[in-house]
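Data block below; observations after.
Owing to the predicted nature of the structure, the values given are computational and were not obtained by experimental measurement.
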Amino acid sequence: MIPHPKPRSSKWISTCFEGEGLTLPVAQTASTEYFLSNSNNPVYFHQAVLQIPRGAIVLEIGARALLSSVVKRTMQNELTPLALMKQDHDDNIGFCLANLGKCYLQGVDLNPLALHPKVQFPVPLETPMLSSTLSKMWDHSVTWPAPKYSDYCHSGDTTDFKVDIAQGKQFSKMADHEVDGEPVLPETAYVYFTWKALAKKLRTEISFLPVEFKDVRFLKRTTLSTEAPVTLKVRVSVESGMFEVCNMGGELVCTGRVYQSPINPDAQPGLVENRTSHSNCRVQDFNTLDKKGFYRVHKSPGYRRRGSYQNVARATVDFSEFTLDWEGDWICFLDAMVQAAMCALVPKNSQEDIRLRLAGLGRLTIDPCSMHERNDGVKSIELRAVVDHKENKLCCRSTMIQHLQAVHEMVSCTQQAPVDGTYCFIPHSNDLPNNTTPNHVKALYSSEVTLLGRDASGFLGDGRRVMAALPAACRTQADVSERLVVNVPDQWTLEQAATVPTAYSAAYYLCEMKSRLRPGDTILVMDMLHPVGQAVARLARHKALNVIGAVQNDSCKSLIVNNFPEFPPHKVICRDGKSAWIRLVAELAGEQGVDMIVSTLTPADSRDSLTALNKEGTFLCVGDHAMDDFRNRELGKLM
């Protein structure tokens, strides 16, 4: 019973009523009728959560911690949901204290003494010393960075930054950023050090300092070494915003302007990530390049990025959207932004001895407050970056790159980017492609694509998956004629599609244009492991022919039978180098004999098969073998 109900304040968000129901008398007080209605009617929890002020901390008072996850899914990173208890947790006291600590980190002024009984002084004699208790709890094997006065109070005109990439040092990850075989300081490190220097002058940390860079010019690379650290000197004027970065020799390596910025992500939606579920970044696979595919396409001669410097997780094939990994390292994240912007906003160069180098940034805005993720200990999170070609910019959360400039530079012929790749057996696809051709073709991009010889598959600029036969297909990008391009069926992988164009073009020529076979006729394919042999066998079976295949040995036969179950094992014959195998062919062909032989072997290896060919049969040899002598001698004997 509630004898004296209290009025509901404006801070009380009701889950019992919504809309006009909030004006009812029962909704005005914390009465028995209100809570009875709350227990008997649907709960409008989702609508109530949407009314919570952005940036608020939501504490769940309950034993199961069920609603915190609902709040997080609904509001993403706009609220901080915390629970004080969790059923089945091993240490609920520790769980509660840890979340109270998170409240303190979010700015809530807590009094931890209120959690304990009031201390009476003087304390009893048996009270243990505090120092000995702490020494048992503290893990002295872990080194923690301690703030220094010099980190926040600037004296002098310049700020020095020592870059040590030796293993275990602060900047050891930079060893994964190489140019022409040597570790090189990423250009975004100049930006980061300038940001740090400005924060030091303003007696704050970069975590609380939104900044805007303008007219940044990258003048010279800085080569690094694991043997000795490199020192850079940064000079920043708070009044004018001008900054300079110099190496130890006094050479300018970077210049520009930087200002403290009052960026508000909610007031400038153009700079903010679309705050939806990260899973929305995952479009259909055939429209997307994954990380491995992106770094194959976006490969610049002499550059080599590994580890944290491969932070572009995905990209659409037209490079209009990217998914970037945020791991808490600003240098790596800004480098990923630069990679995406270079790929999307800078025209490509097709010359192998010329590469693009980042020369400048017209504008760069960073609001670190938007990156304070509550990711519950997850190593990294994925962020969506969107390209605006009209404004010539790339935005990810409230980080924006605009008017990026790049210059061409020659590449030493001895320096080539390493190529990663593997070779494997990929059977031809089960279905033939439809006879459809794109109307306009710009370029063919390869993702996780097998590119061997003349066959290629990948993406067009408009996102379609296609396959084609090219003069030289061992490359990541190529201009192709619309006559040579065919759409890849949805049920095929790109790896399967890359095995089709040349083989099936040759098979069509042999089976449709160079023969007059009818259903029931017999065809002997001399090497079914050859791509053309596989394609011929498939087309012949589609035409209802009696298909007999020959392979070199038992292991080749197993490979064919296991991958192509539509061919009966007794019709896949091993060529043993003797005459026994040809008798098996004759038995399978019957009295009519073989009507057509298709051979990818040399004339000498094809000689025995001619005895099974009927007098009106056709012998087709695929390849550039010397046929004149063979035609005169062997075929003459049959005549």
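Nearest approach of Phe294 to Ala315, heavy atoms of both residues: CD1-CB, 3.9 Å. Residues Ala468 and Val485 approach most closely at CB-CG2, 4.1 Å, considering heavy atoms. For the pair Asn311 and Ala336, the tightest heavy-atom approach, listed with the atom from each and the gap, is CB-CB, 3.7 Å. Leu394 and Ala341 make their closest contact through CD2-N, 3.8 Å (heavy atoms, listed as atom of the first residue, atom of the second, distance). The nearest pair of heavy atoms linking Pro53 to Leu79 is O-CD2, 3.2 Å.
Within the 4.5 Å cutoff, the side chain of Met337 has no heavy atoms near those of the Leu364 side chain. Residues Tyr192 and Ile206 meet the side-chain proximity criterion, which asks for heavy atoms closer than 4.5 Å. You'll find the side chain of His177 reaches within 4.5 Å of the side chain of Arg305, heavy atoms only. With contacts defined as side-chain heavy-atom distances shorter than 4.5 Å, the pair Leu100/Leu84 qualifies. Under the 4.5 Å side-chain criterion, counting only non-hydrogen atoms from C-beta, Pro368 is not in contact with Phe208. In this structure the side chain of Leu356 reaches within 4.5 angstrom of the side chain of His408, judged on heavy atoms. Using a 4.5 Å heavy-atom cutoff, the side chains of Met342 and His298 are in contact. At least one side-chain heavy atom of Asp325 sits under 4.5 Å from a side-chain heavy atom of Glu382.
One finds a salt bridge joining Asp160 and Lys233 here, because a Lys/Arg side-chain nitrogen approaches an Asp/Glu carboxylate oxygen to under 4.0 Å. Salt-bridge check for Arg306 with Glu178: passed, with a basic side-chain N closer than 4.0 Å to an acidic carboxylate O.
Under the rule for a side-chain hydrogen bond (donor to acceptor under 3.5 Å, both in side chains), Thr188 has no partner lying at least two apart in sequence or in another chain. The side-chain hydrogen bond (donor to acceptor under 3.5 Å, both in side chains) check on Glu187 picks up nothing, with sequence neighbours excluded. With sequence neighbours left out, the side-chain contact (heavy atoms from CB on, under 4.5 Å) criterion links Val230 to Thr222, Leu224. Considering only residues two or more places apart in sequence or on other chains, Glu251 meets the side-chain hydrogen bond (donor to acceptor under 3.5 Å, both in side chains) condition with Lys220, Asn247. Residues passing the ring pair (Phe, Tyr, Trp, His ring centres under 6.0 Å) test with Tyr104, sequence neighbours excluded: none. Remark: Arg257 pairs with Lys214, Asp215, Met242, Tyr259 by the side-chain contact (heavy atoms from CB on, under 4.5 Å) rule, at least two apart or across chains. Taking the ring pair (Phe, Tyr, Trp, His ring centres under 6.0 Å) definition, one finds that Phe171 meets it with Phe193, sequence neighbours left out. Residues satisfying the side-chain contact (heavy atoms from CB on, under 4.5 Å) test with Thr226, not counting sequence neighbours, are Ile165. For Asp388, there are no side-chain hydrogen bond (donor to acceptor under 3.5 Å, both in side chains) partners at least two apart in sequence or on another chain. Taking Leu67 as the reference, Phe45, Glu60 meet the side-chain contact (heavy atoms from CB on, under 4.5 Å) condition, with sequence neighbours excluded.
Applying the side chain to side chain donor-acceptor pair (under 3.5 Å) test to residues at least two apart or on different chains, the pairs with a partner in residues 162-173 are Lys173-Asp329. Pairs engaging residues 213-234 under the ring pair (Phe, Tyr, Trp, His ring centres under 6.0 Å) rule: Phe213-Phe243 [sequence neighbours left out].
Distance check: Cys332 SG to Met174 CE gives 7.5 Å after rounding to the nearest 0.5 Å. In this structure, Ile401 CD1 and Arg363 CZ are separated by 12.0 Å, a value rounded to the nearest 0.5 Å. The CD atom of Glu321 sits 4.0 Å away from atom CZ of Arg384, with the distance rounded to the nearest 0.5 Å. In this structure, Thr158 OG1 and Leu232 CG are separated by 11.5 Å, a value rounded to the nearest 0.5 Å. Taking CG from Leu105 and NZ from Lys102, the interatomic distance works out to 9.5 Å, rounded to the nearest 0.5 Å. Between the OH atom in Tyr190 and the CD1 atom in Ile331 there is a gap of 11.5 Å [rounded to 0.5 Å].
Counting only distance, with no hydrogens or angles, the side chain of Trp195 and the backbone of Leu209 share a donor-acceptor pair below 3.5 Å. Between the side chain of Ser300 and the backbone N or O of Tyr303, no donor-acceptor pair lies under 3.5 Å. Within the 3.5 Å criterion, the main-chain N or O of Thr159 finds no donor-acceptor partner in the side chain of Lys200. Looking at Arg54, its side chain does come within 3.5 Å of a backbone N or O of Ile52 through a donor-acceptor pair. With hydrogens and angles ignored, the 3.5 Å screen pairs no side-chain donor or acceptor of Glu244 with any backbone N or O of Leu252.
Judged purely by distance below 3.5 Å, without hydrogens or angles, the side chains of Tyr295 and Gln339 pair a donor atom with an acceptor atom.
The aromatic rings of Phe319 and Phe322 sit parallel, their planes meeting at an angle under 30°, below the 60° perpendicular limit.
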Practice task
List the steps, then state whether side chain to side chain contact (heavy atoms under 4.5 Å, CB included) holds for Val216 with Cys254.
Solution key: CA-CA 7 Å; Val216 180; Cys254 182; 3.8 Å; yes
Practice task
Decide yes or no on side chain to side chain contact (heavy atoms under 4.5 Å, CB included) for Val108 and Ile57, but give the supporting numbers first.
Solution key: CA-CA 9 Å; Val108 178; Ile57 298 172; 3.5 Å; yes
Practice task
Take Cys396 and Trp326, measure what side chain to side chain contact (heavy atoms under 4.5 Å, CB included) needs, and give me the verdict at the end.
Solution key: CA-CA 11 Å; Cys396 182; Trp326 163 253; over 6 Å; no
Practice task
Quick one: do Glu409 and Val407 satisfy side chain to side chain contact (heavy atoms under 4.5 Å, CB included)? Show the steps, please.
Solution key: CA-CA 7 Å; Glu409 64 179 9; Val407 296; 5.7 Å; no
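Other residues, nucleotides and ligands contribute over 12 non-hydrogen atoms within 6.0 Å of the CG atom of Asn111.
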